[in-house]
Amino acid sequence: GNKSVSPDSSKDSTAKEESSSAAAPTEDIKSEMHIAINAAPATLDIIKTGGDVGRTIADGNIFEGIVNMKSDYTAGLELAESYEVNEDYTEWTYKLRQGVMFHNGQEMKADDVVASMNRWIECCSNASQMIGNSRFEKVDDYTVKISMEESLMYLNELMATAGQMPAIVPASTIADADPETGLLKEYIGTGPYKFDEWQQDQYIKIVKFDDYTPYGTPGECDARVGYKEAKTPDVYFDIVPDDATRVAGIQTGEYDFIYKLPLDNYSMFENNSDYTLFNDMNGSLGMIYNKKQGISADSVFRQAVNAALDMDAIMQSAYTDPTFYRLDSCYMYQEQLEWYTEAGKEYYNVKDMNRVKELLDEAGYNGETFTLLVSSDYQEFYNAAVVVENQLEKAGIDVTLLVCDWATFLSYRSDPTAFDGFITSWSPVALPTLMNWMTESYPGWVVDTKLIDMEKELNTSTSKEDSLTNWEEMQEYCWSTSLPISKFGDFSMCCVSSSKINNMIYHFGPFAWNATVSK
Amino acid sequence: MSMEVVLEAQNIRKYFPVKGNMGKVVNHVKAVDDVSVKLYRGETFGLVGETGCGKSTLGRTLMKLLEPTAGTICIENKDITNYSERKMRSVRSYIQMVFQDPYSSLNPRKKVGQILEEVLMIQKIKCDRQKTVLDILEKVGLRKEHYYRFPHEFSGGQRQRIGLARALILNPGIIVCDEPVSALDVSIQSQIINLLLDLQEERNLSYLFIAHDMSVVKFISDRIGVMYLGHLVEEAETAELFANPLHPYTQALLSAVPEANPHVRKKRIVLQGDVPSPLNPPSGCVFHERCPYAKPICSQEKPVKKEMAKDHTVNCHLYEK
Amino acid sequence: MKKYVVKRVLSLIPVLIIVSVVIFCLIHLTPGDPARTMLGDQASEIEVENLRESMGLNDPIVVQYVHWVGGIFHGDFGTSIFMDEPMYKIILDHIGPTISLTIYALLISLIIAMPCGIIAARKRGKSQDQVISVFSMVGISVPSFLLGMLLIILFSVRMKILPSAGYKAIVDNGFLKHIEYLTLPAISLGLMQAALITRMTRSSVLEVLGSDYIKMAKAKGVKDKVILIKHALRNALLPIITVIGQSFIALLSGATVVETVFNIPGIGQLVVNSVLRRDYEVIQAVVLVIALGNVVVNLIVDLLYGLADPRISLE
Amino acid sequence: MDNISAKTTNMQEEENIAVLKKQLKKEQRQIKIHKFTNNKLAMIGAVITIAMALVAILAPVIAPAGPYDMLVSDRLKNPSSVHIFGTDTFGRDLFSRIIYGARVSMGVGAAVSTISLVVGMVIGLYSSYYKTLDSILMRICDGLKAIPAILLAIAFMAVMGTSVRNVIISLAIVYIPDIARITRSSALMVKEQMYIESMKALGASANRIIWFHIAPNVLSPVIVQTSFIFATAIVQEASLSFLGVGVPVPAPSWGNILYEGKTVIYNAWWMIVLPGLSMAFPVLGLNLFGDGIREVMDPMSN
Amino acid sequence: MAEQEKILEVKKLTTSFKTERGKMNAVQGVSFYVNKGEILGVVGESGCGKSVTAQSILRLYDEKYLVEYQGEILFDGVDLLEIPEKEMQNKRGKDISMVFQDALSALNPVFTVGEQIMEPLMNHQHMKKEEARKRAVEMLRLVGIPAPEKRVSQYPHELSGGMRQRVMIAIALSCNPRLLIADEPTTALDVTIQAQIIDLIVELNFKMHMGVILITHDLAVVAETCKRVIVMYLGQTVEEADVNDIFDHPMHPYTNGLIESIPLLEDKGVKRLHTISGMVPLLNQIPKGCRFAPRCPYATERCHREMPEFVNADGRHKVRCFYPIGLE
Ligand SMILES: Nc1ncnc2c1ncn2[C@@H]1O[C@H](COP(=O)(O)OP(=O)(O)OP(=O)(O)O)[C@@H](O)[C@H]1O
Ligand SMILES: Nc1ncnc2c1ncn2[C@@H]1O[C@H](COP(=O)(O)OP(=O)(O)OP(=O)(O)O)[C@@H](O)[C@H]1O
Ligand SMILES: [Mg+2]
Ligand SMILES: [Mg+2]
């Protein structure tokens with residue numbers, strides 16, 4: 001059947017399985033599933049590195065965490081059976097599930113969890129910033145705890161939605177990690193699939209892990225959390241960088257699922273019962289200013305730039321059609337009801353040339369060049385950049401577009417003298433301060449001390465209400481005064497599966513478990 | 001005739017490697033084997049001999065178009081054997097060559113006028129080049145209007161004359177003529193020979209004249225050398241050679257000259273045996289296998305040069321003193 | 001000749017040294033580094049710095065170079081932080097598909113180009129010539145990725161007779177599957193090369209058609225076709241061999257675009273991916289291998305010159 | 001008396017020759033013009049090439065809109081009377097972009113092919129002539145050919161900033177060995193001809209032999225290869241620009257229009273077909289023209 | 001002598017080249033015949049069209065781009081200019097073969113001489129490779145090339161001028177043609193080899209009844225071998241007669257001049273050789289009347305105005321002149 005997952009119905013991604021027994025491998029079910037991804041991950045050590053593709057392949061399939069993300073961006077328990085926290089949110093204790101096996105045959109114990117979690121805290125900049133010097137400790141074989149100096153109410157959210165995954169791996173693999181790079185040499189987790197083979201530039205293959213014991217209620221799986229079962233024994237993630245090739249491949253049946261459908265091709269699959277389309281709000285696009293140096297260090301100038309932008313044109317050029325984007329001034333997602341606020345809305349999408357002129361005059365703008373950095377690896381960013389350039393030029397700001405490949409982009413981006421603004425996107429997170437551009441060290445560099453204090457306050461608050469008011473204030477402050485970024489809007493990512501795939505759970509990407517492919 | 005030597009070559013050897021299947025050198029063609037020649041100012045030295053005996057190779061070696069395997073070459077008393085290509089260039093205007101194969105020695109993409117004018121340009125001769133070229137064309141019996149034609153539009157004989165014009169245009173001191181008139185009809189041939197003689201008289205030119213037509217050679221040469229299989233077997237003044245050929249090969253050669261008279265049938269000396277190959281020359285005297293007068297010593301020892309009369313030398317065991 | 005071959009093979013050493021120095025310099029001129037690309041978007045500056053340090057990227061270039069060359073002498077061609085495999089295996093894995101594809105594409109192009117070129121030369125100025133000329137010029141100007149996509153749409157999506165993308169190794173899947181998957185990419189590469197070789201054949205054959213020996217062959221009663229194929233083509237072979245050699249080299253060192261469109265894990269993809277993620281050691285190793293390949297292919301081409309034209313001696 | 005008549009005949013002769021020279025020159029000119037104008041295809045080639053060059057030069061006059069004028073809401077509109085070639089993914093007028101694109105693309109094509117032609121021929125000719133040079137230059141070419149163009153381009157960009165120049169230099173470096181090899185192959189054959197030996201006998205310098213006698217005889221395969229390079233350089237330019245190491249971006253070029261069109265190949269044919277056609281034109285023109293030059297230079301043809 | 005069978009008869013052959021300067025008739029209205037077993041000598045001024053005539057008989061020039069033929073060439077009664085190219089291919093090299101004037105450029109530089117000799121053998125006589133090779137060696141030996149077993153595998157550029165010419169002869173003779181057109185076959189040969197080759201041709205001509213057209217400048221060779229001679233001047237035949245008649249009393253002033261120009265071995269003390277004064281006109285500037293008139297010592301006003309016919313003057317002696325020498 002034709003199923004289109006629209007943003008407002010994203011709760012649907014909690015797939016209700018009709019009957020778990022019927023889905024056992026039978027003759028009319030294939031033993032292989034081919035998912036075409038658009039790029040090879042740098043590594044599957046997703047604790048050390050972030051990245052969509054790596055998460056899609058490994059998170060939940062191979063690796064599991066103590067907690068993981070649910071479809072409403074909150075945390076659900078995965079490897080932990082339960083947890084306790086003290087009143088001021090400084091001491092967290094997790095009870096682990098017993099009898100959970102690693103792919104190498106060992107049982108998961110507290111030692112493994114402690115080693116994994118502490119490695120994560122060190123690797124993940126969000127985590128190390130919020131957790132500081134505290135580390136997990138073993139209480140007994142199945143209990144771990146962490147005590148912190150300052151309260152951290154959102155530890156679970158941090159673990160569930162941070163850019164890098166706090167995956168639990170055997171302590172021995174951590175000890176065996178490559179001494180030079182610190183990367184894991186073996187990908188051993190506790191998930192329903194185990195890593196089998198990585199054919200460079202061809203595919204990554206994961207296979208069913210026979211000793212996996214599902215948790216939760218059969219048939220109930222909310223995004224990554226719930227009852228998981230490897231129904232298709234072999235899953236291939238075919239690495240297909242060329243967009244058109246993926247599109248052709250789903251049509252020829254080469255692939256059962258393609259990741260990142262070029263949006264212009266959406267209409268080809270619409271109203272076609274052979275395919276299922278997935279269209280899910282996936283992140284936000286925006287321009288991050290260099291607040292450390294150069295002309296955009298002046299917040300008034302940033303305001304001027306922001307006032308010149310026509311967000312609709314930008315988003316349309318990047319995402320082709322309102323089906324795939326929405327204009328929204330809130331840094332957090334509409335779906336994250338608790339965090340949603342319209343504070344600062346009036347500064348968004350103003351496209352008022354008089355205002356721009358006023359602001360430019362106020363900033364004393366003198367025809368200096370605004371260097372806009374963008375990577376050509378992402379067509380959408382590049383498209384947006386072209387439009388931004390066009391609009392700013394029209395507004396009387398001299399813009400140089402600096403387009404480069406990803407590696408160059410990363411290195412220029414970390415050099416405050418190289419750019420004034422760059423275009424990027426970020427994924428939804430459970431806590432506003434987890435948005436990477438909020439951190440001081442992230443390129444763009446938040447230097448506004450007031451904003452930094454507000455962040456700190458939010459992080460350490462111990463009541464929901466406090467943090468929400470904090471947040472509202474903070475967003476208002478950002479839009480009106482500090483303007484660390486200009487958010488353009490939210491966008492969705494499209495994927496297509498052949499309608500032969502059943503029970504595919506989709507949330508930021510396809511999940512292989514529980515899904516079957518009929519012949 | 002002065003007795004000034006303009007070109008002297010001593011003990012020239014030129015061997016070509018012969019390659020086997022895998023490009024390995026399996027043998028050598030001894031195209032020129034220990035030949036010494038002298039050319040005096042204002043004289044014509046005729047060179048005759050069996051085809052493939054190394055006349056052209058000798059000519060090309062003297063021009064240093066081929067590196068001699070051994071031996072020395074002196075031009076105007078300067079030893080040019082080890083001259084570099086660059087240094088040779090200044091010598092080139094003095095010694096010129098008419099190639100045996102006229103067509104392939106002309107660049108098919110250049111018009112005759114260009115070919116000839118270029119020569120003047122190369123040697124940086126300042127004059128009305130086009131006029132000089134038109135003149136020389138006429139001199140060799142072509143027409144001025146041929147100036148803008150490509151070599152392929154000419155007949156064999158006409159091409160040969162272009163080659164000749166190219167050698168003459170520079171006023172060289174020595175010309176190596178490798179069959180310069182073989183493709184010409186007798187009337188043009190006479191015209192060319194007259195021209196060569198006139199020039200010689202005018203400018204005291206020296207010719208090394210390679211030809212097959214004995215009557216032409218006889219007519220034009222002052223001295224004649226006879227080559228056989230890479231060796232210079234006999235050398236004498238023209239009249240002397242024709243009157244008194246010593247080497248059995250020379251005798252056979254002269255007897256084979258046809259007559260331009262249908263009524264005369266001459267008696268030829270027919271040589272016995274196969275023509276030997278320079279790939280694998282016979283031991284001793286290279287001619288002994290075909291020589292009607294061969295003696296046992298001929299197959300064992302190489303004969304040395306002997307002067308039988310004034311300026312008449314021969315390499316043959318028959319003439320032991 | 002043996003000497004010549006040995007000499008040429010020895011000349012590899014300076015080539016490799018120079019190439020390695022050049023490539024090393026180039027790599028270090030390019031912004032970006034493997035540590036940063038490995039750690040990705042989210043990594044903190046400190047972590048990147050640590051990784052750079054432990055990878056030795058902060059050493060002076062000369063030290064890095066000496067270190068790398070030293071490794072080579074111990075049989076260690078470096079390691080990729082992105083690919084957890086020994087270097088020789090990485091290269092072998094990628095070179096297989098490329099070689100298959102190259103040979104297949106060249107075969108296709110030769111089968112098309114030789115007859116077309118000869119016909120065009122023979123019918124110079126006639127309609128056949130013009131049709132072939134126009135096709136070959138279109139072939140030259142259609143980018144291979146476009147051709148590839150059109151082929152996919154036609155043969156895979158519409159007609160469903162050939163797979164659209166992917167690669168099946170001979171050893172695992174058998175020859176037929178292997179060929180099946182390579183057919184479309186080979187065609188799209190082959191057509192482009194065919195266009196060039198056709199033009200080259202036409203023009204070189206035309207060059208020799210006016211020669212006397214062609215006339216001579218005619219006088220011997222040799223048939224027209226045989227004259228063209230045996231006498232004319234043989235004499236026109238040098239530039240043709242050269243383009244074939246050059247095509248071979250070009251394809252070997254990466255039919256990048258086509259490999260991407262058809263998702264073939266070949267050298268071209270390896271090079272581009274390594275360059276894009278600054279996988280230094282892989283770039284260095286691959287470039288050296290390609291240089292080696294070039295020297296070998298050109299050696300073969302040069303030896304073929306000698307066979308094609310006995311007057312040429314390169315020694 | 002005798003003297004005087006000799007003088008007059010001399011003068012007369014001078015005059016005759018002068019007349020003849022003039023006559024020959026005139027005839028020659030006529031032949032050349034005739035040969036070229038009679039070569040219809042070459043004329044068509046020349047006309048196409050010149051027309052394309054004019055289009056590039058006169059782009060601001062011809063183009064109905066600016067190459068950067070965008071109206072995003074108008075994206076991917078079919079060709080119509082407003083936008084005769086339709087619009088691109090940013091809603092820019094494709095016709096104008098293609099016309100402006102001619103500047104970059106033909107510029108890059110021409111520059112790359114000219115540089116590699118000149119440098120490649122120098123390398124090829126000299127290495128065919130001097131054996132020691134051969135082993136050095138050819139090995140350098142082998143090495144050059146191994147270095148990936150993207151790497152070169154990225155490195156150049158880092159050193160010299162983004163500009164078309166980087167693309168041109170990096171592509172030229174990649175293509176020089178091709179021309180060098182093709183030149184060398186023909187030159188090796190030509191070098192063995194008797195007429196080269198005869199030039200040596202005339203005392204021609206190596207340079208003269210190389211440039212006046214070998215070079216014209218190797219041109220025809222070189223022309224073919226050069227026109228091929230012209231075409232591939234245009235496409236390559238795009239793939240490099242796309243990595244940000246080429247033409248500073250929103251600037252239009254046929255290659256990057258094609259690349260943008262690639263993603264919409266299923267729903268906007270004009271984004272592929274039209275820039276593709278515009279690329280085929282100069283290639284066709286150049287090839288026909290090159291053929292014509294070959295014919296005119298070929299002494300055997302008439 | 002009984003009237004013999006004509007193996008080849010050329011009637012009013014005209015060959016015109018399409019050149020940059022327009023059409024040029026290199027050969028105009030040439031007629032002659034060759035009998036079976038006869039050697040016909042062709043002499044004439046350099047550039048008068050001998051080679052062009054020879055090559056026209058085989059239709060070697062490219063008819064599409066280069067030349068235009070007119071007239072008739074009857075070989076065994078069949079007009080060669082009419083038959084299709086396919087049939088012509090069958091005749092070339094097998095029935096009629098040719099020795100080219102320029103031996104180096106006519107041999108294919110990239111094949112060994114052996115391969116080049118074997119080609120027509122395998123083509124026309126359907127020999128096996130081995131057999132053909134043996135035959136090639138035999139042919140080389142026949143034309144007097146030493147060490148033929150080694151020479152077969154050499155390339156043309158490795159041979160001397162004379163050897164190349166002999167290779168050409170070997171190719172031409174390999175299939176025992178019925179008509180041999182030899183375009184200056186002995187120019188590059190020394191007299192001994194020349195004698196040998198001429199003997200060979202005469203022998204074949206005698207034994208196999210091979211017709212021969214012998215184009216040469218060497219009047220001595222003509223005198224020794226030919227029965228009948230034609231003399232050409234500027235694209236036309238000007239005289240045709242038995243060899244004795246030509247040498248004894250040439251009728252055309254050109255022939256006369258030619259014979260007088262021969263340098264003789266016995267000549268003593270001559271300082272200059274006799275030449276025919278004047279120059280051959282260009283093909284596109286041919287005089288209206290008799291073509292030789294501008295250079296003819298006996299030319300009258302009529303000669304400059306009118307073109308004389310090629311007519312029988314005295315028995316089998318044909319001449320193109322209003323005032324043949326010795327007939328006044
Ligand atoms: N391809 C051509 N194009 C134009 N003119 C030509 C061509 N070939 C020959 N000619 C002209 O035709 C005339 C006859 O040439 P041909 O080769 O038959 O002379 P020939 O009698 O064989 O002279 P030779 O004894 O010098 O070889 C010459 O004037 C020559 O210039
Ligand atoms: N490049 C070469 N490679 C091998 N052998 C060669 C080469 N050039 C000439 N020869 C051999 O050298 C010998 C002498 O050749 P050369 O051309 O000097 O003879 P020639 O006396 O000029 O004969 P002709 O009178 O026939 O021209 C021949 O046996 C020939 O085969
Ligand atoms: Mg010779
Ligand atoms: Mg001739």
> Working to the nearest 0.5 angstrom, can you tell me the gap between D/Ile179 CD1 and D/Leu117 CG?
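Reported value, rounded in 0.5 Å steps: 5.5 Å.
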
> Let me know if C/Leu12 has heavy atoms under 4.5 Å from chain D in its side chain, its backbone, both or neither.
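Looking at C/Leu12, nothing touches chain D.
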
> If you round to the nearest 0.5 Å, how far is NZ of C/Lys126 from CD1 of C/Ile132?
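It comes to 13.5 Å.
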
> Which residue out of D/Met157, D/Met138, D/Gln236, D/Met189 racks up the most heavy-atom pairs below 4.5 Å with chain C?
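Result: the option with the highest number of such pairs is D/Met189.
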
> Counting distance only, does the side-chain N/O of C/Arg277 pair as donor-acceptor with the main-chain N or O of C/Pro34 below 3.5 Å?
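Answer holds: no.
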
> Given that the side chain runs from C-beta out, which part of C/Ile283 has a heavy atom under 4.5 Å from chain D: side chain, backbone, both or neither?
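The answer is the side chain of C/Ile283.
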
> Under a 4.5 Å heavy-atom cutoff, which of C/Asn235, C/Leu150, C/Val138, C/Leu206 has the most pairs with chain D?
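When all of C/Asn235, C/Leu150, C/Val138, C/Leu206 are compared, C/Leu206 has the most.
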
> Most heavy-atom pairs under 4.5 angstrom with chain D, which of C/Val275, C/Val19, C/Val134?
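Going by pairs under 4.5 Å, I would pick C/Val275.
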
> Please classify the contact of C/Val295 with chain D as side chain, backbone, both or neither, using a heavy-atom distance under 4.5 Å.
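Backbone plus side chain of C/Val295, per the 4.5 Å heavy-atom cut-off to chain D.
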
> Could you give the distance from CG (C/Asn273) to CD (C/Glu259), rounded to the nearest 0.5 Å?
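Answer for the CG-CD pair, C/Asn273 versus C/Glu259, is 10.0 Å.
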
> With only heavy atoms counted, which part of D/Ser220 is less than 4.5 Å from chain C, the side chain, the backbone, both or neither?
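D/Ser220 touches chain C through backbone and side-chain heavy atoms alike.
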
> What part of D/Asp291 lies closer than 4.5 angstrom to a heavy atom of chain C: side chain, backbone, both or neither?
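Contact with chain C: side chain only.
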
> Is there a donor-acceptor pair under 3.5 Å between the side chain of D/Thr232 and the backbone N or O of D/Ile229?
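Indeed, once roles are kept as given, a pair shorter than 3.5 Å links the two residues.
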
> Looking at D/Asn256 and D/Pro252, would you say the former's side chain and the latter's main chain have a donor-acceptor pair under 3.5 Å?
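Pair absent, no side-chain N/O of D/Asn256 close to backbone of D/Pro252.
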
> Taking D/Gly276, D/Gly143, D/Pro221 one by one, which has the highest count of heavy-atom pairs under 4.5 Å against chain C?
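Ranked by heavy-atom pairs under 4.5 Å with chain C, first place is D/Pro221.
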
> Are the side chains of D/Leu240 and D/Ile150 in touch, meaning some heavy atoms are under 4.5 Å apart?
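With C-beta onward as the side chain, the pair touches.
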
> Tell me, out of D/Ala280, D/Ser185, D/Ala231, who's got the most heavy-atom pairs with chain C below 4.5 Å.
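Heavy-atom pair counts peak at D/Ser185.
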
> Using a cut-off of under 4.5 Å on heavy-atom pairs, state which of C/Gln130, C/Met137, C/His28 scores highest against chain D.
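Most heavy-atom pairs under 4.5 Å with chain D: C/Met137.
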
> Less than 4.5 Å apart, any side-chain heavy atom of D/Arg181 and any of C/Asn298?
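In contact.
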
> Looking at D/Ile234, D/Ile265, D/Ile140, D/Ile136, which one has more heavy-atom pairs under 4.5 Å with chain C than the rest?
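Looking at each option in turn, the highest pair count goes to D/Ile265.
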
> Has C/Ser156 got a side-chain atom pairing as donor or acceptor with C/Ile153's backbone, closer than 3.5 angstrom?
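Checked: no pair found.
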
> Side chain, backbone, both or neither: which part of C/Val272 has a non-hydrogen atom closer than 4.5 Å to chain D?
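Contact with chain D involves both backbone and side-chain atoms of C/Val272.
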
> Just how far is it from atom CD1 of C/Ile197 to atom SG of C/Cys116, taken to the nearest 0.5 Å?
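Nearest 0.5 Å value for the CD1-SG distance: 11.5 Å.
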
> In terms of heavy-atom contacts, does CZ of D/Phe281 have more than 12 from other residues, nucleotides or ligands at under 6.0 Å?
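Not buried by this count: 12 neighbours or fewer within 6.0 Å.
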
> Is C/Leu196 close to chain D through its backbone or its side chain, or both, or neither, when contacts mean heavy atoms under 4.5 Å?
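Looking at C/Leu196, backbone and side chain both touch chain D.
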
> Measure C/Leu288 against the heavy atoms of chain D and call it side chain, backbone, both or neither at under 4.5 Å.
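For C/Leu288, neither part sits under 4.5 Å from chain D.
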
> In terms of heavy-atom pairs under 4.5 Å with chain D, which of C/Val22, C/Leu16, C/Ile140 leads?
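Highest number of heavy-atom pairs under 4.5 Å: C/Ile140.
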
> Please determine, among D/Val283, D/Asn287, D/Val235, the option with the most heavy-atom pairs under 4.5 Å with chain C.
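Highest number of heavy-atom pairs under 4.5 Å: D/Asn287.
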
> Looking only at heavy atoms and a cut-off of under 4.5 Å, which of D/Val224, D/Leu284, D/Val174 has the most pairs with chain C?
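Of D/Val224, D/Leu284, D/Val174, D/Val224 has the most heavy-atom pairs under 4.5 Å with chain C.
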
> Under a 4.5 Å heavy-atom cut-off, does chain D meet the side chain of C/Val301, its backbone, both or neither?
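Only the side chain of C/Val301 comes within 4.5 Å of chain D.
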
> With no hydrogens and no angle check, is any side-chain donor or acceptor of D/Ser127 less than 3.5 Å from a backbone partner on D/Leu137?
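Answer holds: no.
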
